[in-house]
Amino acid sequence: MEVVIKSMRKFINNIDIWYQELGSREPLLMLHPGGYGSVIFEVNQDELSKHFHLYLPDRRGHGNTPDAEGGYTFDMMTDDTIAFIEQVIGMKTRIFGMSDGAIIGLLVAQKRPDLVECLICAGGVFHYSGWSDGVLSKAETRFENLLEQKLHDMHISSPTLTVNDLKSITTRTLVMVGDDDEPIFEHTLTFYQNLPNGELAVVPGTSHGLLIEKPELCNAIMLDFFRNDPVQTYAPIRRRTKVT
């Protein structure tokens, strides 16, 4: 079946947000990495849109959405995303976030859990110290464009969530990474272990480009999480509460 793609715009928080919609059924919001627009999801969107109504916005200064004066903060991006859910989707939604998109999705779940059905954080961190050495290495180099400068300035001091903050986020959340990803692996484990309803997926043989490197496996993991309730486990260590 041919996938029908609609490209649209919505004026949100003084920004003319460009976004695409494709598919039908229940909503799934896809939040792209920093430095890229939602085009990064092209390899995944056809399969996902068979099961969900996808919303793929470009954040301010990314892709087809214009920039605005001033710097970026994750709080700003989170507020934009909350407004997008309220004004465009209009109902509680599943969220998939990659890298910066994962951080924004997590902050939405913290700030407005009533808007999030469940969440996948792929290749993201909960504190800026969780990035591996070298990921933010452009601190002393010349940036190619204003977007790079703004993103760097945003990343050197945020996000700043704590373990206690994670424990307050009760949304069912899958922490997903490549086994050679940019977040420090110990940080990823802390991330997963302190979410009350956290799950973990490590995609073997992949890096921060896991969605492109193994799209079929990543799509299968995403669909399993988004379409199915947690299963009854028989030898739980962390999740001792019985699934009903």
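Below, each value reflects all heavy atoms present in this structure, side chains not excepted, and no hydrogens, waters or symmetry copies. It should be emphasised that the depicted structure is a prediction, and the values quoted were computed from it without experimental measurement.
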What about Phe96 and Phe226, are their ring centers closer than 6.0 Å?
-> no
Is it true that a side-chain atom of Asn145 and a backbone atom of Leu147 form a donor plus acceptor pair closer than 3.5 Å?
-> yes
NZ/NE/NH1/NH2 to OD/OE distance under 4.0 Å, Asp16 and Lys10 = no
List the steps, then state whether side-chain contact (heavy atoms from CB on, under 4.5 Å) holds for Tyr128 with Ile156.
-> CA-CA 7 Å; Tyr128 68 90; Ile156 58 174; over 6 Å; no
Contact check, side chains of Val163 and Gln193, non-hydrogen atoms, under 4.5 Å = no
Test item: Cys121 and Leu174 side chains (from C-beta on) under 4.5 Å apart, heavy atoms = no
Please say whether more than 12 non-hydrogen atoms of neighbouring residues, nucleotides or ligands are located less than 6.0 Å from CG in Asn228.
-> yes
Nearest non-hydrogen partners of Pro204 and Lys214, listed with the distance = O-NZ, 2.9 Å
Side-chain touch Cys118/Phe225, heavy atoms, less than 4.5 angstrom = yes
Looking only at heavy atoms, which two atoms of Gly178 and Leu210 are closest? And how far apart?
-> N-CD1, 3.9 Å
For Ile169 against Ala109, the heavy-atom pair lying closest together = CG2-CB, 4.1 Å
Look only at the side chain of Asp181 and the backbone of Val177, and say whether a donor-acceptor pair between them is shorter than 3.5 Å.
-> no
Arg172 and Glu117 ion-paired at < 4.0 Å = no
Ring centroid separation for His127 and Phe191, is it under 6.0 angstrom?
-> no
Between Arg60 and Asp80, is the closest basic N to carboxylate O distance under 4.0 Å?
-> yes
Go through the steps to decide whether Leu223 and Lys50 satisfy the test side-chain contact (heavy atoms from CB on, under 4.5 Å), and finish with yes or no.
-> CA-CA 10 Å; Leu223 287 172; Lys50 295 176 184 177; over 6 Å; no
Give the C-alpha distance, both sets of side-chain angles, the deciding distance and a yes or no for side-chain contact (heavy atoms from CB on, under 4.5 Å) between Thr188 and Leu200.
-> CA-CA 9 Å; Thr188 297; Leu200 176 66; 4.0 Å; yes
From NZ (Lys167) to OG1 (Thr162), nearest 0.5 Å = 9.0 Å
Would you mind listing every side-chain hydrogen bond (donor to acceptor under 3.5 Å, both in side chains) that reaches into residues 90-99, with sequence neighbours excluded?
-> Glu26-Arg94, Ser99-His208
Asp224 side chain vs Ala220 backbone, donor-acceptor pair below 3.5 Å | no
Answer yes if Ile103 and Val135 sit in the same cluster of Ile, Leu, Val, Met, Phe, Trp and Tyr residues linked by side chain heavy atoms under 4.5 Å apart, and no otherwise.
-> yes
Check: Lys150 and Thr73 side chains under 4.5 Å, non-hydrogen atoms | no
Measure the CZ-OG1 distance between Phe185 and Thr190 for me, rounded to the nearest 0.5 Å.
-> 11.0 Å
Name each donor-acceptor pair under 3.5 Å that joins a side chain in residues 32-42 to protein atoms two or more places apart or in another chain, with its distance.
{"residue": "His32", "atom": "ND1", "partner": "Tyr36", "partner atom": "O", "Å": "2.5"}
{"residue": "His32", "atom": "NE2", "partner": "Arg59", "partner atom": "N", "Å": "3.0"}
{"residue": "Ser38", "atom": "OG", "partner": "Leu56", "partner atom": "O", "Å": "3.4"}
{"residue": "Ser38", "atom": "OG", "partner": "Asp58", "partner atom": "OD1", "Å": "2.8"}

Euclidean distance, Ile120 CD1 relative to Ile221 CD1, rounded to 0.5 Å = 8.5 Å
Any side-chain heavy-atom pair from Gln20 and Trp18 closer than 4.5 angstrom?
-> yes
Please tell me if the side chains of Glu21 and Met8 come closer than 4.5 Å, counting only heavy atoms from C-beta onward.
-> yes
Nearest heavy-atom neighbours spanning Trp131 and Gly124 | CH2-CA, 4.4 Å
Go through Met176 and Cys218 one step at a time and tell me if the side-chain contact (heavy atoms from CB on, under 4.5 Å) criterion holds.
-> CA-CA 9 Å; Met176 181 176 175; Cys218 289; 3.7 Å; yes
Any side-chain heavy-atom pair of Leu106 and Leu166 under 4.5 Å | yes
Looking only at heavy atoms, which two atoms of Pro230 and Glu199 are closest? And how far apart?
-> CG-OE2, 4.3 Å
How many angstroms lie between atom CD1 of Ile104 and atom CD1 of Ile95, to the nearest 0.5 angstrom?
-> 10.0 Å
Any side-chain donor near an acceptor of the partner, Asp100 and His155, under 3.5 Å | yes
Work out which heavy atom in Met98 is nearest to a heavy atom in Gly123; give both atom names and the distance.
-> CE-CA, 4.2 Å
If you group Ile, Leu, Val, Met, Phe, Trp and Tyr by side-chain heavy-atom gaps below 4.5 Å, do Phe11 and Ile17 land in one group?
-> no
Any side-chain heavy atom of Leu31 within less than 4.5 Å of one from Val108?
-> no
Side chain to side chain donor-acceptor pair (under 3.5 Å) assessment of Asp153 paired with Gln149 | CA-CA 6 Å; Asp153 292 347; Gln149 178 71 63; 2.9 Å; yes
Do any N or O atoms from the side chain of Asp179 and from the backbone of Ser207 form a donor-acceptor pair under 3.5 angstrom?
-> no
Hey, is the main chain of Gln45 close enough, under 3.5 Å, to the side chain of Ser49 for a donor-acceptor pair?
-> yes
Got a second to check how far Glu213's CD is from Asp180's CG, nearest 0.5 Å?
-> 9.0 Å
Just jot down the side-chain contact (heavy atoms from CB on, under 4.5 Å) partners of Pro113, sequence neighbours excluded, or say none.
-> Thr171
Does the gap between the ring centers of His53 and Tyr55 come in under 6.0 Å?
-> yes
For Phe126, does its backbone N or O pair with a side-chain atom of His187 as donor and acceptor, under 3.5 Å?
-> yes
If you round to the nearest 0.5 Å, how far is CD1 of Ile15 from CE of Met76?
-> 8.5 Å
